[in-house]
Amino acid sequence: MELKLYDTLTREKRLFRPLDPNNVRIYVCGPTVYDFAHIGNARPVIVFDVLFRLLRHLYGADHVTYVRNITDVDDKINARAAEEYPDLPLNEAIRKVTEQTDKQFHEDVAALGALPPTVEPRATEHIAEMRILIERLVASGNAYVAEDNVLFSVPSMPDYGKLSKRPLDEMIAGARVDVAPYKRDPMDFVLWKPSKPGEPAWPSPAGIKAPGRPGWHIECSAMSWKHLGETFDIHGGGIDLVFPHHENEIAQSRCVFHTPVMANFWMHNGFLQVEGEKMSKSLGNFVTIHDLLKDWPGEVIRLAMLQTHYRQPINWTVSGLREAQKTLDHWYGLTADTMPGYLCADAIEALADDLNTPKALAALHELRGEAAKGARPAAACLKASARLIGLLQQTPAQWSAFRPASLAVDESKVVGLIEARNAARRVKNFKESDRIRDELAKMGVVLKDTKDGTTWEIAR
RNA sequence: GGCCACGUGGCGGAGUGGUUACGCAACGGUCUGCAAAACCGUGUACCCCGGUUCAAUUCCGGGCGUGGCCUCCA
């Protein structure tokens, strides 16, 4: 099986060959823990979880190292901490914010069916590595000290800008006005900066006396180095990170290690809109994973996400969720008493073609059709293949027990009405039974009469 | 303004230089006391304008539209 992946750096789909098939190494930029993760944050989590699962399938579960970091030092965290816990010392407030957010994030992504990464390094636990990288960059002339800051010298790297296709001269022409006066070049970016009183602070590198804290980009260079080495196979994240974050990571790591590449493949997931509009707090369409999970099973959210290829822009809609719910209801019904069988070759092949999940799902739909005609192997294959991408992980009972919070009904009342209706049906009082069914329908309850009795679900 | 993507039927969404994607919805049918579910069947497409070609939705150029980045943003 040949795996092809699209590489942002070369803008082409290429055959994937790991540096070491016994240890395939992938790094994905994780969250900054200061607020509930939103549906846009969920996209890279789900997309790269599918890639992780595929790599484990192709190279063996013990031969893939997946690193997804936690950014726990950042101005946004400091601001949130000061806002939420004004009475606490800042460092204590920060710890509260990061611990709570971190816990919530892990609950959310677990509910989305994402496997835990092999390593989840935290920025604050890699300050020593960051200092080493910074010292080396200063020594090699790629960075310099100015007013207790350490800055990366962009002109010291001739091919800076390759990833985002931004030639240096154009960027300088378009650079913003408020450039810090101590920068030698407007494009230079911060590796280390002095901490204000009360802010998190560590001993500074490069002979700087004042304590300080790291800039944003250096943490990923440090953590990927520590856990994956100087170069590795795949680096992923949202497309918005291409510039400046990934461009700067590349500059730091390549200049420190004198390597031609930092990672062999750069993968970026596309952006997300909500009901056709940009997601923003001011528009009131800011969807957090936490809120979504109250109304939809995690697998519905996962499937809705995978209905679109990861590089395409995705329009996040309720109708998309409904469609995913319906598909999974159907699949669970058909595979309820089936053990997982062989994996579907068409689905694997689609996934191996740059993670073409819509095409893989189409293959599963075909299996669905065969299974519906009574083909047991097709049902077994559907179950195994869906599980590979993190779907059909629950028991049928768990699946059908889910109730959306915002469409809550009084269950005992529903059960009582159903019993009354069935009593009427037994004496062929269909006028009364239909009246009760209409009453339930008004409550949003849809009935299904089967040989084994009447079941019900919430209409969406 | 500069750079980078994207634009397929009512909706979602693959793919291809000439042959059915697929799913949802819709419509017809089977089943059902009636429904629902399920099953069977059916329809509508490739933003616009040029060019290349025997042939373009697919390649090239231009336009229009949408989005992203250029600022800490997944």
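The figures here come from the full heavy-atom set of this structure, side chains too, leaving out hydrogens, waters and symmetry mates. Just so it is clear, the model here is predicted, and its values are computed rather than measured. The chains referred to below are lettered A, B, ... by the order of the sequence lines, with proteins before strands, and numbering in each begins at 1.
Pairs of Watson-Crick or G-U wobble type, with distances under 3.5 Å, assemble into runs of 3 or more in RNA chain B at these ranges: B:1-7 with B:64-70, B:10-12 with B:22-24, B:26-30 with B:38-42, B:47-51 with B:59-63.
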List, one per line, each side-chain donor-acceptor pair under 3.5 Å for residues 366-381 of chain A, sequence neighbours excluded.
residue: A:R368; atom: NH1; partner: A:H330; partner atom: ND1; Å: 3.2
residue: A:R376; atom: NH2; partner: A:D337; partner atom: O; Å: 3.4

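Heavy-atom distances under 4.0 Å link RNA chain B to no residue of residues 381-402 of chain A. Near-neighbour residues of RNA chain B inside residues 100-123 of chain A, defined by a heavy atom below 4.0 Å, are absent.
Scored by the salt bridge (Lys or Arg N to Asp or Glu O under 4.0 Å) test, A:K13 finds A:D353 as partners (sequence neighbours excluded). Annotation: salt bridge (Lys or Arg N to Asp or Glu O under 4.0 Å) contacts of A:K76 (sequence neighbours excluded): A:D74. In terms of the salt bridge (Lys or Arg N to Asp or Glu O under 4.0 Å) criterion, residue partners of A:E99 (sequence neighbours excluded) are, by chain and number, A:R95.
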Atom pairs under 3.5 Å: protein N/O with N/O of nucleotides 11-17 of chain B:
residue: B:G13; atom: OP1; partner: A:T308; partner atom: OG1; Å: 2.9
residue: B:A14; atom: OP1; partner: A:H309; partner atom: N; Å: 3.0
residue: B:A14; atom: O3'; partner: A:N356; partner atom: ND2; Å: 3.0
residue: B:G15; atom: OP1; partner: A:N356; partner atom: ND2; Å: 3.2

N/O to N/O distances under 3.5 Å, protein versus nucleotides 60-63 of chain B:
none

Could you write out each protein N or O paired with an N or O of nucleotides 41-44 of chain B at a distance under 3.5 Å?
none

Using a 4.0 Å cut-off on protein heavy atoms (strictly under), produce a 5'-to-3' string for nucleotides 28-34 of chain B with B for base contact, S for backbone-only sugar-phosphate contact, and - for none.
-----BB
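Listed by first then second residue, pairs satisfying salt bridge (Lys or Arg N to Asp or Glu O under 4.0 Å) with a partner in residues 28-46 of chain A read A:D35-A:R80, A:D35-A:K281, not counting sequence neighbours.
A:F271 does not qualify as a stacking partner of the B:G68 base, lacking a centre-to-centre distance under 5.5 Å together with planes within 30°.
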